[in-house]
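Reviewing the structure listed below.
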Amino acid sequence: MEPLERLIVERLDDDKAQDIVCIDLKGKSSVADTLIIASGRSHRHVGALADHVLRALKDAGFGKAKVEGLPACDWVLIDVGDVVVHLFRPEVRSFYNIEKIWSLSPEGAQA
């Protein structure tokens with residue numbers, strides 16, 4: 001796992017994110033090298049997870065990431081260049097099923 005990925009996953013784990021999944025996109029997409037997907041228990045939890053990841057990225061010198069979805073906090077996307085982070089409320093994650101889009105079952109993924 002790359003340092004950027006490790007930083008994000010550790011921050012999410014420390015903040016009690018649920019079902020953290022990393023999907024390797026190297027050679028599959030030009031959008032990013034890695035997708036990190038996690039769930040928060042509520043709107044507030046998703047917002048706090050996003051805020052803490054953004055602070056950790058800035059503090060570690062990775063610069064300012066692009067963010068979408070913070071006002072509603074149903075689905076927050078954080079684009080850090082080579083890594084894209086998707087933070088969901090559980091029912092929204094289930095509806096969009098990003099893991100299936102990338103042909104990866106949640107049971108087979110490793111954080």
Side-chain angles (χ1 to χ4, degrees):
M1 189 180 288
E2 298 292 325
L4 175 58
E5 296 165 10
R6 183 173 290 111
L7 171 74
I8 294 167
V9 169
E10 287 176 357
R11 180 75 262 169
L12 291 171
D13 189 51
D14 288 348
D15 289 340
K16 308 293 189 242
Q18 299 172 333
D19 303 319
I20 302 168
V21 175
C22 292
I23 300 174
D24 183 9
L25 298 180
K26 292 178 189 95
K28 296 178 188 173
S29 173
S30 61
V31 174
D33 290 338
T34 305
L35 286 182
I36 298 175
I37 304 167
S39 298
R41 296 179 302 277
S42 65
H43 296 281
R44 290 181 73 151
H45 190 212
V46 170
L49 291 170
D51 182 56
H52 294 170
V53 166
L54 292 167
R55 281 193 217 172
L57 290 168
K58 185 176 179 183
D59 291 348
F62 287 103
K64 187 171 179 165
K66 296 176 187 165
V67 184
E68 294 290 332
L70 267 180
C73 292
D74 282 326
W75 177 0
V76 177
L77 183 139
I78 302 171
D79 183 350
V80 195
D82 290 339
V83 178
V84 175
V85 182
H86 295 272
L87 303 173
F88 294 97
R89 284 188 309 106
E91 51 278 2
V92 177
R93 181 177 181 172
S94 182
F95 179 79
Y96 287 103
N97 203 352
I98 297 290
E99 291 94 340
K100 186 175 181 181
I101 291 171
W102 291 100
S103 300
L104 181 67
S105 66
E107 295 81 25
Q110 294 293 322

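Residue numbers run from 1 in the order of the sequence given.
- Take D15 and apply the side chain to side chain donor-acceptor pair (under 3.5 Å) test, not counting sequence neighbours, and it matches R11, H52.
- Interatomic distance, I23 CD1 to I98 CD1, rounded to the nearest 0.5 Å: 8.0 Å.
- Scanning all heavy atoms of the two residues, the minimum distance from C73 to G47 falls at SG-CA, 3.6 Å.
- Counting heavy atoms from C-beta outward, V76 and V85 have side chains that stay 4.5 Å or more apart.
- The residue from L57, I36, I78 that alone fulfils the side-chain contact (heavy atoms from CB on, under 4.5 Å) condition with V83 is I36.
- Distance check, rounded to the nearest 0.5 Å: CD of E5 to OG1 of T34 gives 3.5 Å.
- Expressed to the nearest 0.5 Å, how far CD of Q18 lies from CZ of R93 amounts to 9.0 Å.
- Interatomic distance, CG of L7 versus CG of L12, reported as 9.5 Å (0.5 Å rounding).
- Scanning all heavy atoms of the two residues, the minimum distance from G81 to D79 falls at N-OD1, 2.8 Å.
- More than 12 non-hydrogen atoms from other residues, nucleotides or ligands lie less than 6.0 angstrom from NZ of K26.
- Between I37 and D19, every side-chain heavy-atom pair lies at or beyond the 4.5 Å cut-off.
- With sequence neighbours left out, the side chain to side chain contact (heavy atoms under 4.5 Å, CB included) criterion links D74 to H43, A72, R89, V92.
- Side-chain contact between V31 and L25 is absent, with no heavy-atom pair separated by less than 4.5 Å.
- R55 meets the side chain to side chain donor-acceptor pair (under 3.5 Å) test with D51; sequence neighbours excluded.
- Of the inter-residue distances, the one linking L49 atom CG with H45 atom NE2 reads 4.0 Å to the nearest 0.5 angstrom.
- Separating the CG atom in L54 from the NZ atom in K64 is a distance of 9.0 Å, to the nearest 0.5 Å.
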